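Predicted, not measured: the structure shown is a model, and the values here were computed from it. Worth knowing before you read on, the calculation uses all heavy atoms, side chains too, and leaves out hydrogens, waters and symmetry mates. Convention: sequence-line order gives letters A, B, ...; per-chain numbering from 1.
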There are 2 protein chains.
Amino acid sequence: MEEGTSNSPSYCCRTEDDYGVLQWDTREDCEVRQILDRIADKWSLLVIALLDRHTMRFTQLRREIDGISQRMLTTTLRQLERDGLVRRTVHPVVPPRVDYALTPLGGSLHKTIQALVDWTEEHQSEIAAARTRYDHEAREKIN
Amino acid sequence: MEEGTSNSPSYCCRTEDDYGVLQWDTREDCEVRQILDRIADKWSLLVIALLDRHTMRFTQLRREIDGISQRMLTTTLRQLERDGLVRRTVHPVVPPRVDYALTPLGGSLHKTIQALVDWTEEHQSEIAAARTRYDHEAREKIN
DNA sequence: CTGTATCCATAGAGATACTG
DNA sequence: CAGTATCTCTATGGATACAG
């Protein structure tokens, strides 16, 4: 996790590119890059998308997210909790009951994530068509 | 790339969850899931974010995206091209010149991606604070 | 310049078993 | 139920060399 290259947390500063357009920083040690890498994660994205509105229990999330392993769900939830996006509530009962919910910060992120999901749903057929076209043309070039 | 498990392209259909809330499909073979996995990719996201407005050449992208290898840039661009998000233009000159630009479809995706980047920039300090808090509390529990 | 083609290391992720 | 703790394995991705 620690690269050891830079000591200070490098804040992202927008700079001008060759075209004079205000461009966001893409340096690897840039904090925004690191956060994006975390958010733009297969499982994180699904968890945040699912946690909209209602709280959910561990097993419930596990059931809903087809294909996730117990380990990855635990890891993902811990990261999201650490980033302040998800709140974990342990109820001292037997058997244990743990609830997960979005924090206000997580809720605000949910909006943009949902927009991404919506975009995907809206354009899935276009993408599927593009893929078919591409694969078809690729075959033709071989023959 | 080919899973071989299902033959027909399974379209995502929204279903109702336990709460009666309209929930999007999270099945692993769901097409939306697959597209999201592709888009919510470290490098894809950066490429789309950078290709806003102006076209860019291969080396130019390579320079801007700190840390990307030649192989990953090629792979990422091919996937984006296949998905119809990026247009690749080869100029028949020596030395070769190849331009990359967003398609209209890619342009529409860029908007939501940019929203994600903007969100990250706006809230990076909150996330950083949350991490510090979390790590601090974790240390206390050990002692 | 813009790529392929290989080889190889490693982090991500699955499977399994065990615990409070 | 909601996790840890291991072990293992594979896919991802870096490094390098070569080519049109």
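Contacts of A:Thr132 classified as side-chain contact (heavy atoms from CB on, under 4.5 Å), with partners at least two apart in sequence or in another chain: none. In this view, A:Thr59 and A:Arg63 satisfy the side-chain contact (heavy atoms from CB on, under 4.5 Å) rule, not counting sequence neighbours. Under the side-chain contact (heavy atoms from CB on, under 4.5 Å) criterion, A:Thr120 pairs with B:Val32, B:Ile35, B:Leu36, B:Ile39, not counting sequence neighbours. Evaluation of the salt bridge (charged side-chain N to carboxylate O under 4.0 Å, His left out) rule for B:Arg57 yields no partner, not counting sequence neighbours.
Taking atom CG of B:Leu73 as the reference point, atom P of D:dT12 lies 17 Å away to the nearest angstrom. For B:Phe58 and C:dT4, the CZ to P distance is 8 Å, given to the nearest whole Å. With rounding to whole Å, B:Lys42 atom NZ is found 11 Å from D:dG14 atom C1'. In this structure, CG of B:Leu77 is placed 11 Å from C1' of C:dT2, rounded to the nearest angstrom. With rounding to whole Å, A:Arg97 atom CZ is found 12 Å from D:dG3 atom P. Whole-Å rounding puts the A:Leu61 CG to D:dC1 P distance at 14 Å. At whole-Å resolution of the value, CD1 in A:Ile68 and P in C:dG14 are 8 Å apart. One atom, CD of B:Gln79, and another, P of D:dT12, lie 9 Å apart when rounded to the nearest Å.
A:Arg62 has no side-chain polar atom (N or O) that falls below the 4.0 Å cut-off from OP1 or OP2 of D:dA2. Phosphate contact (OP1/OP2 of C:dT2, side-chain N/O of B:Arg57, threshold under 4.0 Å): present. Note on A:Thr74: every side-chain N or O is 4.0 Å or more away from OP1 and OP2 of D:dG3. Distances shorter than 4.0 Å separate some side-chain N or O of A:Arg78 from OP1 or OP2 on D:dT4. Regarding contacts with the backbone of C:dG3, a side-chain N or O of B:Tyr100 is found under 4.0 angstrom from either OP1 or OP2.
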Which atom pairs, one a donor and one an acceptor, fall under 3.5 Å between side chains of residues 84-95 of chain A and the rest of the protein, sequence neighbours left out?
unit_1  : atom_1 : unit_2   : atom_2 : d
A:Arg88 : NE     : A:Tyr100 : OH     : 3.2
A:His91 : NE2    : A:Asp99  : OD2    : 2.9

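With salt bridges taken as basic N to acidic carboxylate O contacts below 4.0 Å, one links A:Asp135 and B:Arg82.
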Exercise for review: List the protein contact pattern of nucleotides 15-20 of chain D with one symbol per nucleotide (5' to 3'): B for base contact, S for sugar-phosphate-only contact, - for none; contact means a heavy-atom distance under 4.0 Å.
Suggested key: B-B--B
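Counted by atom type alone, B:Gln114 and B:Asp118 present one or more donor-acceptor pairs between their side chains at under 3.5 Å.
Each of C:dG3, D:dG14, D:dT4 was ranked by its minimum atom distance to the side chain of B:Met72; first place goes to D:dG14.
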